[in-house]
Amino acid sequence: MSKRMDTASRLISAPASTIYHAFPTADSMTAWLPPQGMTGTMLAFAFHEGGAYRMRLTYNEPQRTPGKTSENADEIQVRFIRLVPNKRIEQSVTFESDDPAFSGEMRITWGFESTQNGTLVTVRCEEVPVGIEAEDHQAGLQSTLNNLAAFAEARK
């Protein structure tokens, strides 16, 4: 199991309640969660503590390395561990992969801190599988935060 932790933050010009409400529906999560270069398909969704979702992330273009689940896709199973409205969302993520470098459970915590200019959103990933390259993961996290900002700012 990896002890690596990756984090990314972004100030979003929207209230914490608007950002929190980008999570409770499959359509909203599919719209902003996939990082640049990927398309998401929600396979199952239940937003509540103890609930979960399953998403297929498909690469739009061929990659230098294959996906975790298949040549062009990653499938993730995510459980909602703790939901604190407008403050934080704690998740447990499992990747579907035959490759042990992607095995294990990664913890993701989304934090929403209200500021004078909007909300500072921080995503912290703990126990990141060793097969996920740090540089790629950082780029993906930042891309997802940029997508979340565009989604939330259009709805504030």
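If you're wondering where the values come from, they're calculated on a predicted model, not measured in any experiment. The analysis underlying the following values was restricted to heavy atoms, covering all of them including side chains, and did not include hydrogens, waters or symmetry mates.
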Kindly compute the distance separating [atom1] ([X]) from [atom2] ([Y]), expressed to the nearest 0.5 Å.
| X | Y | atom1 | atom2 | value |
| --- | --- | --- | --- | --- |
| Asp6 | Glu133 | CG | CD | 12.0 Å |
| Ile76 | Arg54 | CD1 | CZ | 9.5 Å |
| Arg124 | Thr109 | CZ | OG1 | 4.5 Å |

What heavy-atom pair brings [X] and [Y] nearest, and what distance separates the two atoms?
| X | Y | answer |
| --- | --- | --- |
| Thr144 | Leu33 | OG1-O, 2.8 Å |
| Gly40 | Pro34 | N-CG, 3.4 Å |
| Cys125 | Ile108 | SG-CG1, 3.9 Å |
| Ala26 | Met42 | CB-CG, 3.7 Å |
| Ala152 | Ile12 | CB-CG2, 4.2 Å |
| Arg10 | Asn146 | NH1-OD1, 2.6 Å |

Kindly state each residue pair satisfying ring-ring contact (aromatic ring centres under 6.0 Å, His included) with at least one member in residues 103-134, sequence neighbours excluded.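 Only Phe23-Trp110, Phe23-Phe112, Trp32-Trp110 qualify under ring-ring contact (aromatic ring centres under 6.0 Å, His included).
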Residues Ile89, Gln91; criterion side-chain contact (heavy atoms from CB on, under 4.5 Å); working and verdict: CA-CA 7 Å; Ile89 294 173; Gln91 303 171 318; 3.9 Å; yes
Report yes if some heavy atom in the side chain of [X] is under 4.5 Å from a heavy atom in the side chain of [Y]; otherwise report no.
| X | Y | result |
| --- | --- | --- |
| Asn117 | Leu11 | yes |
| Thr39 | Tyr59 | no |
| Glu75 | Leu43 | yes |
| Val121 | Leu145 | yes |
| Lys87 | Tyr20 | no |

Would you say Leu57 ends up clustered with Val93 if hydrophobic residues are merged whenever their side chains have heavy atoms under 4.5 Å apart, either directly or through other cluster members?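 Same cluster.
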Determine, for Glu126 against Arg107, whether the closest basic-nitrogen to carboxylate-oxygen distance falls under 4.0 angstrom.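 So Glu126 does not pair with Arg107 through a salt bridge.
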Strictly below 4.0 Å, N to O, side chains only: are Glu127 and Arg4 in salt-bridge contact?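 A salt bridge is absent here (no side-chain N lies under 4.0 Å from a carboxylate O).
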Checking Ser143 side chain against Gln36 main chain: does a donor-acceptor pair fall under 3.5 Å?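 The answer is yes, because a donor-acceptor pair under 3.5 Å joins these two groups.
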Side-chain donor/acceptor of Glu113 to backbone N/O of Thr122, under 3.5 Å: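 No, Glu113 side chain to Thr122 backbone: no donor-acceptor pair under 3.5 Å.
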Would you say Glu49 has more than 12 foreign heavy atoms packed within less than 6.0 Å of its CD?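 Yes.
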Does the pair Thr30 and Met55 meet the rule for a side-chain contact (heavy atoms from CB on, under 4.5 Å), with working shown? CA-CA 8 Å; Thr30 301; Met55 180 181 269; 3.9 Å; yes
Could you please spell out the steps behind the salt bridge (charged side-chain N to carboxylate O under 4.0 Å, His left out) verdict for Arg79 and Glu90? CA-CA 9 Å; Arg79 285 184 300 118; Glu90 296 177 19; over 6 Å; no
If the condition is ring pair (Phe, Tyr, Trp, His ring centres under 6.0 Å), which residues does Phe80 pass it with, not counting sequence neighbours?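 Only Phe47, Tyr53 meet the ring pair (Phe, Tyr, Trp, His ring centres under 6.0 Å) criterion with Phe80.
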